[in-house]
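Quick note: numbers below take in every heavy atom, side chains included, and nothing from hydrogens, waters or symmetry partners. Every chain is numbered from 1, with letters handed out A, B, ... down the list of sequences.
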2 protein chains.
Amino acid sequence: MADVARLAGVSSQTVSRVSNGYAGVNEETRQQVLAAMKELGYRPNSAARALKRGEFRTIGVITFTLSTTGNVRTLEAIATSAAAEGYAVTLLPVAVPTQDEVRGAFSRLEELAVDAVIVIMEVHLLDAATVTLPPHVQVVVVDSDAGSHYTVVDTDQSGGTRTAVQHLLDLGHLTVWHLAGPEDSFAAQRRADAWHGALTDAGRPAPPVVRGDWSAESGYRAGLELAAQEDCTAVFAANDQMALGLLRALHERGRRVPEDVSVIGFDDIPEASSFLPPLTTLHQDFAEVGRLCVQAVLRKMRRDGPQRGTTLVPTRLVLRDSTAPPPGGGAGEV
Amino acid sequence: MADVARLAGVSSQTVSRVSNGYAGVNEETRQQVLAAMKELGYRPNSAARALKRGEFRTIGVITFTLSTTGNVRTLEAIATSAAAEGYAVTLLPVAVPTQDEVRGAFSRLEELAVDAVIVIMEVHLLDAATVTLPPHVQVVVVDSDAGSHYTVVDTDQSGGTRTAVQHLLDLGHLTVWHLAGPEDSFAAQRRADAWHGALTDAGRPAPPVVRGDWSAESGYRAGLELAAQEDCTAVFAANDQMALGLLRALHERGRRVPEDVSVIGFDDIPEASSFLPPLTTLHQDFAEVGRLCVQAVLRKMRRDGPQRGTTLVPTRLVLRDSTAPPPGGGAGEV
DNA sequence: GTGGCTGATGTTTGCGTAAACATCGGCGGT
DNA sequence: ACCGCCGATGTTTACGCAAACATCAGCCAC
């Protein structure tokens, strides 16, 4: 910077002013400084800048494996939104969802250059790990019900699920089975609860829950069980991947979709429209979730707006070919 | 830090020594300092540290959309490997693969706190954008043939493709059609070239290339074309997602897989085993690619080892149910 | 005992930047 | 003409840390 100042014949402070787009610099001087910067290939040192300003303009994102579409898409949206706000995003992967690993990620975080953190995981693991967050680091959480303790942004799991169940009931199915996600996922739990609630509200019996782990393979295994249930005519899968496995299992067992069994998924991954048959599912607006996360965390940093509470992003039902009235037409109900 | 020093009754330099795990500190003193740190909740300021040391211990990763499995898995592996080496990973998303956007990402990078960059995209876009990288920032590239100009780490596209083609020829197919990826992807181009080379080497005719854009939807559209080709008994899809769409198109047109048409994919995404039928494909070791990227970039930073050149990671053929001898048994060939 | 050495610790300094304050020339109002 | 003010720029300082150097006590060899 001193070199630039010398070359431009000004003081380093003026260089600083130009580089920060400060007002009150003569246009002529400004051009000289810019020219000098270019000639010397000057680029501001972000470490020094951060040191002086006391902030890094960086947001940390903590998440488990990036193997679920939702996390990835959310992360991508966060990165994009953050970039638009002039913030960088630092990734803090947690290999295994154990308390030790989570604690490890947070202790790494302790000496990491971030102003705020967005956590994409069930917050219980976070609390259980008894982490102590740096006091000035703001936190926003996705996939959690901890709205009273943290700022939470999430898809409206409950609303989406009720839409799915209602869609199947409207088609005439007497009840809807549920292929749930893993128990330690808040999203999975929330979907299972809403499914149960929707059935109960409609006065329908709730079949036993079949559980997977989000993977297509687990959906296949669960599907083999469901295929054996004679009275199962409609299944709500907690995500599209498991729905894919379910479709394969049903196909193998000779149960046609949607003629014999209707299947509805959750997420609307890009591939869902290419399943056999194309999958009816609930579209999640991950981009919006990511955007809201960034906004929320920036608002917290600036200390305006609420410090906690939950923001829900609505889902949208995407009708494709995997749902239809039950065998016999379902006229018995409508 | 001064507070800690005061509380522990030592100088700030001793605190620094303890916090950096320096030798030559009396165990007793050390414990006192640690106690003081804990009491005051001291945590080192990474900005000051970076300023003093002249490095950030951060690697930037530039990539297009995280919607392809490969990029995501590579990114994840990079993040994990980097963390193991004590490095953080900063994400630089490029929304659209235009030169302007790429240039934008790099200019953001200019004032970003990174010591090195890993680029996950075709390097032509990078060069075309006439970016000027900060001189001391090291670069490693994935998905590119720029081995003579950059350090490149990539999956062995060519070897994998030849394995796929050979597998189909060995089953007795007279030739293999190719559902290729977009032209601007180096990986897609490389796979297409290798496919053509393998056929030529075997003295087989090369059918016209059908092109998609990696998405399942594009695979479906291409699949409708392929299904109309009476003599098409084997297809090599450049990735699993397109293979998924292809399977759907073939199914819709009444062409059975693998009885009438064999399909082989590339990537081995987790869902591939749940396709209808489960997909034979080439497994890519993304974790290894990511690990090697980090190693390569660190080696460059430390200035030991080669500054350029290409490292290839082998693929592995995963046999499932989507490939079989051609109708008629293929005995005419073997 | 004295010189030289080692290991433990303290002191000084500067990394690159930007806030705070200082300076200085010019301009309008009285 | 003089005061005061404003806009443009320069000077000083401190951000938190760690390298370099300085100090100092204890110990060994002769």
Touch class at under 4.0 angstrom, heavy-atom based, for [X] against every strand present:
X: V15(B); result: nothing
X: T14(A); result: sugar-phosphate
X: S12(A); result: nothing

If I take atom [atom1] in residue [X] and atom [atom2] in nucleotide [N], what distance separates them, rounded to the nearest angstrom?
X: E27(A); N: dG7(D); atom1: CD; atom2: P; result: 17 Å
X: R43(B); N: dC15(D); atom1: CZ; atom2: P; result: 18 Å
X: N26(B); N: dG26(D); atom1: CG; atom2: C1'; result: 14 Å
X: N20(B); N: dA19(D); atom1: CG; atom2: P; result: 7 Å
X: R30(A); N: dT9(D); atom1: CZ; atom2: P; result: 11 Å

Nucleotide of [options] approaching [X] most closely (side-chain heavy atoms):
X: V25(A); options: dG16(C), dA18(C), dT9(D); value: dT9(D)
X: M1(A); options: dG10(C), dT17(C), dG16(D); value: dT17(C)
X: Q13(A); options: dT11(D), dT17(C), dC17(D); value: dT11(D)
X: K52(B); options: dT9(C), dG14(C), dT9(D); value: dG14(C)

Decide whether Q31(B) and E27(B) meet the rule of one side-chain donor and one side-chain acceptor closer than 3.5 Å. yes
Under 3.5 Å, is there a donor-acceptor pair linking the side chains of R17(A) and T29(A)? no
Is atom CZ of R190(B) surrounded by more than 12 heavy atoms (other residues, nucleotides or ligands) closer than 6.0 Å? no
Does [X] make a side-chain N or O approach to OP1 or OP2 of [N] shorter than 4.0 Å?
X: R49(B); N: dA18(D); value: yes
X: Y22(A); N: dT17(C); value: no
X: N45(B); N: dC15(D); value: no

Main chain of L66(B), side chain of N71(B): is a donor-acceptor contact present, judged purely on distance under 3.5 Å? no
